[in-house]
Enquirer: 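If you scroll down you'll find the structure; I have some questions about it.
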Amino acid sequence: MSTIRTRFAPSPTGFMHVGGVRTALFAWFIAQQAKGTFILRIEDTDKVREVEGSIAQIENSLRWLGIDWQEGIDKGGEFGPYLQSERLAIYKEWAQKLIDQGKAYADPYTKEELDAFRDQAKAEKRAFLFRDHRPENPPAWDGTQPLRFKSDPKSYQWHDAVMGDLSTGPEVVDDFILIKSDGFPTYNFCHIIDDMLMGVTHVLRSQEFISSTPKFLNLYEALGIERPVLATLPFVMAMDGKKKLGKRDGAKDILEYGKEGYLPEAMMNFLATLGWNDGTEQEVFTRDELIEKFTLERVQKSPARFDEQRLLWLNGQHIRSLSLDDLYERVADFWPESAASSDEAYKKQVLALVQDRLKTLCDLPTITDYFFDDPTPNWQMADDNKQLRKLTREEQVELLQTAQAVFETSAFDPESLQETLNQLLETTGQKPGILFSLIRLAVSWAPFSPALNDTLATIGQTAAIERLQKAIETA
RNA sequence: GGUCUCAUCGUCUAACGGUUAGGACAUCAGGUUCUCAUCCUGACAAUCGGGGUUCGAUUCCCCGUGAGAUCACCA
């Protein structure tokens, strides 16, 4: 049995974007590959920023990606509750221990007094430290004031599984707030208590926390608890500019990508290889390969840009690697309306033809519509075609009539049709560029389509002949 | 401003101190009896600058420069 336990601990402040999801993903990899436990804990200690429905959205986002957790609000577990607002008594208990040891005290200052201290520090061009203003005789903590940690300033050097050896001086260790005046703990305090009580062995979080790590180290010591493995992940940056990809910079809800026809395994592959690689030249990974091969040591130290082009390419790769049956299930919500009355066998036939052409599942309607609904002739398309332009309309119609006649007697499987089409090239003396383009247009009126013989075979003999007839009549 | 972190093609990245600095995306050019896509071939394209250490530096050290983070009763 493995002892590895990791967690993802988001706040319910809105939808999940790619940066947050990647942190969850890496933590999940670590747990999965060690057959350990992945915990989903919700950090709802800021009631002001909380957004209704966020928890369900977070859970749905993780599920969509294929990330599952063994302990969490919905799953339970022996270290619950997994919602921080239900753990207030626990935090109070640990806060009391610190008070009893003289390592925490009530903050007697008003906001105005605090601001004055800060302004003063700023005017003197030095960093503000609360511990410079520790009250000599703090009042007993009655829960209405903030409770502060009495820090023990010192230099730190520590190892980060991603960033390597890090160090700071004592000036960054300060008396931060453990419990707010509203009775809720701060992240700085409760995440440490929870990680300890939940037996978390590896703490993964994004880069913004690197500078507050010494504070955490100081608190670990004060509480006398062993610190977990720390891993700091670099940011995911917006493609344009050098800003961290955040909601205000256009970061999308991860679930949007599903609606836009991206496969979760493509997204997983993309996020994993954004700042990580296995040292080989492999680019496309399955979910199981990622779980097996992922290591924190090979995670990049520098931020990576979110390149949608690469995501799009990976999506195509994953779409092509799907079996037809699997793909068929995935595209259930993506068919054009015209496909509603078609049966499964026919839709699968069409799908097989366009599988190589899909970059996202959303491409399906535009590239398959004419397989389900008779297209409206648009002879302008013939006029715009460089090859077809060389022929007069009468010559074009004549060719179509010839083709129509041949199709009346041809077998309509792809192989026979290819023979029929080849014979047609000979009898008409035309080049494929002209003859095939013309027939292709007349049966599809689409800018592109699969190979002509496959297209004709799928549309079927009756419809193909009818469409040629309609083309001839409207010429 | 203090503190901390980072730095290889446009982008994601590879390279025990010794390679013509490799691969992928994107772009461009060809090929696959029509189009689009797939697939294949090829082209373009990078070690931030300056000092050291070393026979030899993308790699180690220092100084710059640039970028980012943090300094909340947010996480």
Side-chain angles (χ1 to χ4, degrees), chain A residues 9-11 13 43-46 48-49 107 111 114 118 121-122 124-129 145-148 160 163-164 166-169 171-172 174 176-188 190-191 205-214 232 234-235 237 239 241-244 270 273-284 298 300-314 316-317 319-320 354-359 363 367 381 385 387-388 418 421-422 425 430-441 444 446-452 455:
Chain A
S11 335
T13 54
E43 309 215 325
D44 63 335
T45 56
D46 183 352
V48 178
R49 293 204 315 156
D107 175 350
K111 185 180 183 303
L114 258 183
R118 286 207 177 87
K122 200 173 183 183
E124 293 169 14
K125 294 203 168 185
R126 57 184 175 79
F128 166 76
L129 283 171
Q145 318 99 319
L147 183 71
R148 283 196 185 257
D160 185 287
M163 303 302 279
L166 303 173
S167 61
T168 54
E171 63 281 350
V172 298
D174 196 15
F176 59 88
I177 290 176
L178 301 170
I179 308 241
K180 299 180 277 183
S181 56
D182 66 0
F184 282 89
T186 60
Y187 165 82
N188 296 332
C190 61
H191 93 270
R205 61 187 144 212
S206 89
Q207 218 179 9
E208 61 202 293
F209 292 100
I210 202 164
S211 47
S212 37
T213 301
T232 303
F235 291 125
M237 310 289 275
M239 192 53 201
K242 311 218 169 207
K243 278 197 286 187
K244 169 189 162 189
F270 174 71
T273 53
L274 194 62
W276 173 85
N277 72 85
D278 73 341
T280 72
E281 291 181 351
Q282 185 171 354
E283 306 280 344
V284 182
R298 289 199 67 92
Q300 209 72 13
K301 289 180 178 181
S302 50
R305 301 230 173 92
F306 187 88
D307 184 358
E308 293 214 30
Q309 295 278 14
R310 193 179 151 75
L311 172 60
L312 196 60
W313 172 73
L314 276 170
Q317 295 292 314
I319 286 175
R320 262 161 253 135
V354 300
Q355 182 165 12
D356 283 352
R357 273 157 254 261
L358 291 173
K359 288 219 181 257
D363 295 338
I367 65 177
M381 295 180 79
N385 183 298
Q387 298 288 319
L388 293 180
Q418 192 57 58
L421 288 168
N422 285 342
L425 283 177
Q430 289 293 349
K431 290 178 179 171
I434 288 181
L435 182 69
F436 290 0
S437 294
L438 185 62
I439 299 174
R440 201 179 62 74
L441 268 184
S444 72
F448 51 83
S449 72
L452 185 54
T455 304

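So you know, we letter chains A, B, ... as the sequences are listed, proteins then strands, and number each from 1. Treat the numbers as computed from the prediction; the structure is a model and nothing was measured.
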Enquirer: At their closest point, which heavy atom of A/Ile177 faces which heavy atom of A/Thr186, and how far apart are they?
Expert: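 Of all heavy-atom pairs spanning A/Ile177 and A/Thr186, the closest is O-OG1, 2.6 Å.
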
Enquirer: Looking only at the side chain of A/Gln317 (C-beta and beyond, no hydrogens), which of the listed nucleotides B/rC12, B/rA69, B/rC39 gets closest?
Expert: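 Comparing B/rC12, B/rA69, B/rC39 against the side chain of A/Gln317, the answer is B/rC39.
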
Enquirer: In whole angstrom, give the distance that lies between atom CZ of A/Phe270 and atom P of B/rC25.
Expert: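 After rounding, the reported distance stands at 14 Å.
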
Enquirer: Using 0.5 Å steps for rounding, measure from the CZ atom of A/Phe306 to the CE atom of A/Met237.
Expert: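 Answer rounded to 0.5 Å: 14.0 Å.
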
Enquirer: NA contact type, A/Glu171, heavy-atom cut-off 4.0 Å: base, sugar-phosphate, or nothing?
Expert: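 The residue A/Glu171 makes sugar-phosphate contact but no base contact.
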
Enquirer: Need one value for A/Pro234: base, sugar-phosphate or nothing, where a base atom within 4.0 Å counts as base even if backbone is also close, heavy atoms only.
Expert: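 It contacts nothing in the nucleic acid.
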
Enquirer: Want to settle it: does A/Glu208 or A/Ser11 sit nearer the 5' end of RNA chain B, counting the closest nucleotide to each?
Expert: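 Closest to the 5' end, via its nearest nucleotide, is A/Glu208.
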
Enquirer: Could you state the NZ-P distance from A/Lys180 to B/rA72, rounded to the nearest angstrom?
Expert: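 The distance from NZ of A/Lys180 to P of B/rA72 comes to 15 Å, rounded to the nearest Å.
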
Enquirer: Roughly, in whole Å, what's the span from CG in A/Leu314 to C1' in B/rU13?
Expert: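 Taking atom C1' of B/rU13 as the reference, CG of A/Leu314 is at 13 Å.
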
Enquirer: In whole Å, what separates the C1' atom of B/rG51 from that of B/rG42?
Expert: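 B/rG51 and B/rG42 have their C1' atoms separated by 41 Å.
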
Enquirer: Sticking with atom P, work out how far B/rG23 lies from B/rC9, rounded to a whole angstrom.
Expert: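 B/rG23 and B/rC9 have their P atoms separated by 16 Å.
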
Enquirer: For a quick check of understanding: with a heavy-atom distance under 4.0 Å over all strands, which category does A/Thr13 fall into, base, sugar-phosphate or nothing?
Expert: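 A/Thr13: no heavy atom of the nucleic acid under 4.0 Å.
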
Enquirer: Looking at the side chain of A/Arg440, which of B/rC34, B/rC73, B/rU5 is the nearest nucleotide?
Expert: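 The listed nucleotide nearest to A/Arg440's side chain is B/rC34.
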
Enquirer: With a non-hydrogen cut-off below 4.0 angstrom, is A/Phe184 in contact with a base, only sugar-phosphate, or nothing?
Expert: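 No contact.
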
Enquirer: Checking all strands, does A/Ala451 fall into the base, sugar-phosphate, or nothing category for heavy-atom contacts under 4.0 angstrom?
Expert: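 If one applies the 4.0 Å heavy-atom cut-off, A/Ala451 turns out to touch a base.
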
Enquirer: When the distance from CD1 of A/Ile210 to C1' of B/rA69 is rounded to whole Å, what number comes out?
Expert: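 It works out to 9 Å between those atoms.
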
Enquirer: Could you tell me how far B/rU5 sits from B/rG18 if I compare only their P atoms? Round to whole Å.
Expert: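 27 Å, rounded to whole Å.
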
Enquirer: What's the CH2-P distance between A/Trp313 and B/rA37, to the nearest Å?
Expert: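 Rounded to whole Å, this separation is 17 Å.
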
Enquirer: Given the C1' atoms of B/rC61 and B/rG17, what is the spacing between them in whole Å?
Expert: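 Comparing C1' positions in B/rC61 and B/rG17 gives a spacing of 14 Å.
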
Enquirer: Tell me the interatomic distance from A/Asp307, atom CG, to B/rU27, atom C1', rounded to whole angstroms.
Expert: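 In whole Å, B/rU27 C1' lies 13 Å from A/Asp307 CG.
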
Enquirer: Of the nucleotides B/rA75, B/rG68, B/rC36, which has the atom closest to the A/Ser212 side chain?
Expert: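 Of the candidates, B/rA75 comes closest.
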
Enquirer: Touch check for A/Arg320, heavy atoms < 4.0 angstrom, all strands: base, sugar-phosphate only, or nothing?
Expert: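 Counting heavy atoms under 4.0 Å across all strands, the contact made by A/Arg320 is with sugar-phosphate only.
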
Enquirer: Quick one: does A/Thr45's side chain have a donor or acceptor within less than 3.5 Å of a partner on A/Phe184's backbone?
Expert: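 Judged by distance alone, no pair lies under 3.5 Å.
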
Enquirer: Taking 4.0 angstrom as the limit, do A/Arg310 and A/Glu283 come out as a salt bridge?
Expert: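 So A/Arg310 pairs with A/Glu283 through a salt bridge.
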
Enquirer: Any idea which of B/rG23, B/rA75, B/rC34 is nearest the A/Ser437 side chain?
Expert: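 Taking heavy atoms from C-beta onward, the closest nucleotide is B/rC34.
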
Enquirer: Could you state the atom-to-atom distance from CZ of A/Phe448 to C1' of B/rC36 in whole Å?
Expert: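 Computing the A/Phe448:CZ to B/rC36:C1' distance gives 5 Å.
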
Enquirer: Side chain of A/Arg310, heavy atoms from C-beta onward: which of B/rC12, B/rU35, B/rC34 has the nearest atom to it?
Expert: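 It is B/rC12.
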
Enquirer: Roughly how many Å apart are B/rU8 and B/rC40, using the P atom of each and rounding to a whole number?
Expert: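 So the two P atoms sit 29 Å from each other.
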
Enquirer: How long is the straight-line distance from CZ of A/Phe235 back to CD of A/Glu208, given to the nearest 0.5 Å?
Expert: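 It is 5.0 Å, given to the nearest 0.5 Å.
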
Enquirer: Is it true that a side-chain atom of A/Arg126 and a backbone atom of A/Ala121 form a donor plus acceptor pair closer than 3.5 Å?
Expert: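 Answer holds: no.
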
Enquirer: Among B/rC36, B/rA75, B/rC73, find the nucleotide with the atom closest to the side chain of A/Ser181.
Expert: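 When the side chain of A/Ser181 is considered, B/rC73 is the closest of B/rC36, B/rA75, B/rC73.
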
Enquirer: Can you check whether A/Leu114 reaches A/Phe128 side chain to side chain, under 4.5 Å on heavy atoms?
Expert: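 Yes; the side chains approach each other to less than 4.5 Å.
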
Enquirer: Would you say B/rU11 has OP1 or OP2 under 4.0 Å from some side-chain N or O of A/Arg305?
Expert: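 It does, given that an N or O in the side chain of A/Arg305 lies less than 4.0 Å from OP1 or OP2 of B/rU11.
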
Enquirer: When you measure from the side chain of A/Met163, which nucleotide among B/rA75, B/rA37, B/rU5 comes out closest?
Expert: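 Shortest atom-to-atom distance from the side chain points to B/rU5.
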
Enquirer: Sticking with atom C1', work out how far B/rA69 lies from B/rU13, rounded to a whole angstrom.
Expert: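 These two C1' atoms come out 23 Å apart once rounded.
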
Enquirer: What does A/Thr280 touch in the nucleic acid at a heavy-atom separation under 4.0 angstrom: a base, only the sugar-phosphate, or nothing?
Expert: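 A/Thr280: no heavy atom of the nucleic acid under 4.0 Å.
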
Enquirer: Hey, could you give me the CG/CZ distance between A/Leu435 and A/Arg440, rounded to the nearest 0.5 Å?
Expert: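 Between A/Leu435 CG and A/Arg440 CZ, I get 12.5 Å after rounding to 0.5 Å.
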
Enquirer: Given B/rC6, B/rU13, B/rA75, which nucleotide is nearest the side-chain atoms of A/Lys301?
Expert: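 Minimum distance to the A/Lys301 side chain belongs to B/rC6.
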
Enquirer: Please list, chain by chain and in numerical order, all residues satisfying side-chain hydrogen bond (donor to acceptor under 3.5 Å, both in side chains) with A/Gln387, sequence neighbours excluded.
Expert: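 Listed in chain order: nothing, the list is empty.
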
Enquirer: Could you measure the distance from the OG1 atom of A/Thr455 to the CZ atom of A/Phe448? Nearest 0.5 Å is fine.
Expert: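 Rounded to the nearest 0.5 Å, the OG1-CZ separation comes out at 11.5 Å.
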
Enquirer: Both A/Gly279 and A/Gln309 contact RNA chain B. Which one's nearest nucleotide lies toward the 5' end?
Expert: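 It is A/Gly279, whose closest nucleotide lies nearer the 5' terminus.
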
Enquirer: Distance check: side-chain N/O of A/Lys111 vs OP1/OP2 of B/rA72, anything under 4.0 Å?
Expert: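 Indeed not, no polar side-chain atom of A/Lys111 lies that close.
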
Enquirer: Counting the atoms with a prime plus P, OP1 and OP2 as sugar-phosphate, which does A/Gln145 contact under 4.0 Å by heavy atoms, base, sugar-phosphate, or nothing?
Expert: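 Counting heavy atoms under 4.0 Å across all strands, no contact is made by A/Gln145.
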
Enquirer: Can you tell which of B/rU35, B/rU70, B/rC74 lies closest to the side chain of A/Ser449?
Expert: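 The answer is B/rU35, which lies nearest to the side chain.
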
Enquirer: Look at the side chain of A/Thr45 and decide which nucleotide, out of B/rG68, B/rC25, B/rA75, has an atom nearest to it.
Expert: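 Minimum distance to the A/Thr45 side chain belongs to B/rA75.
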
Enquirer: What does A/Gly275 touch in the nucleic acid at a heavy-atom separation under 4.0 angstrom: a base, only the sugar-phosphate, or nothing?
Expert: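 Touches sugar-phosphate only.
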
Enquirer: Find every protein N or O atom lying less than 3.5 Å from an N or O atom of nucleotides 30-33 of chain B, and list the pairs.
Expert:
{"unit_1": "B/rU33", "atom_1": "N3", "unit_2": "A/Asn422", "atom_2": "OD1", "d": "3.1"}
{"unit_1": "B/rU33", "atom_1": "O4", "unit_2": "A/Gln418", "atom_2": "NE2", "d": "2.7"}
{"unit_1": "B/rU33", "atom_1": "O4", "unit_2": "A/Asn422", "atom_2": "OD1", "d": "3.0"}
{"unit_1": "B/rU33", "atom_1": "O4", "unit_2": "A/Asn422", "atom_2": "ND2", "d": "3.1"}

Enquirer: Whole-Å distance between B/rG22 P and A/Asn277 CG?
Expert: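 In whole Å, B/rG22 P lies 17 Å from A/Asn277 CG.
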
Enquirer: Less than 4.0 angstrom between a side-chain N/O of A/Arg148 and OP1 or OP2 of B/rC73, yes or no?
Expert: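 For A/Arg148, the contact criterion (side-chain N or O under 4.0 Å from OP1 or OP2 of B/rC73) is met.
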
Enquirer: Counting any heavy atom closer than 4.0 Å, what does A/Ile434 reach on the DNA or RNA strands: base, sugar-phosphate only, or nothing?
Expert: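 Answer is nothing: A/Ile434 stays at 4.0 Å or more from every strand.
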
Enquirer: If you round to the nearest 0.5 Å, how far is CG of A/Asp107 from CD1 of A/Ile179?
Expert: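 Result: 13.5 Å between the selected atoms.
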
Enquirer: Would one find a side-chain N or O of A/Lys359 under 4.0 angstrom from OP1 or OP2 of B/rU38?
Expert: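 For B/rU38, OP1 or OP2 has a side-chain N or O of A/Lys359 closer than 4.0 Å.
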
Enquirer: Can you find a side chain N or O atom of A/Arg298 that sits less than 4.0 Å from OP1 or OP2 on B/rA15?
Expert: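 Yes.
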
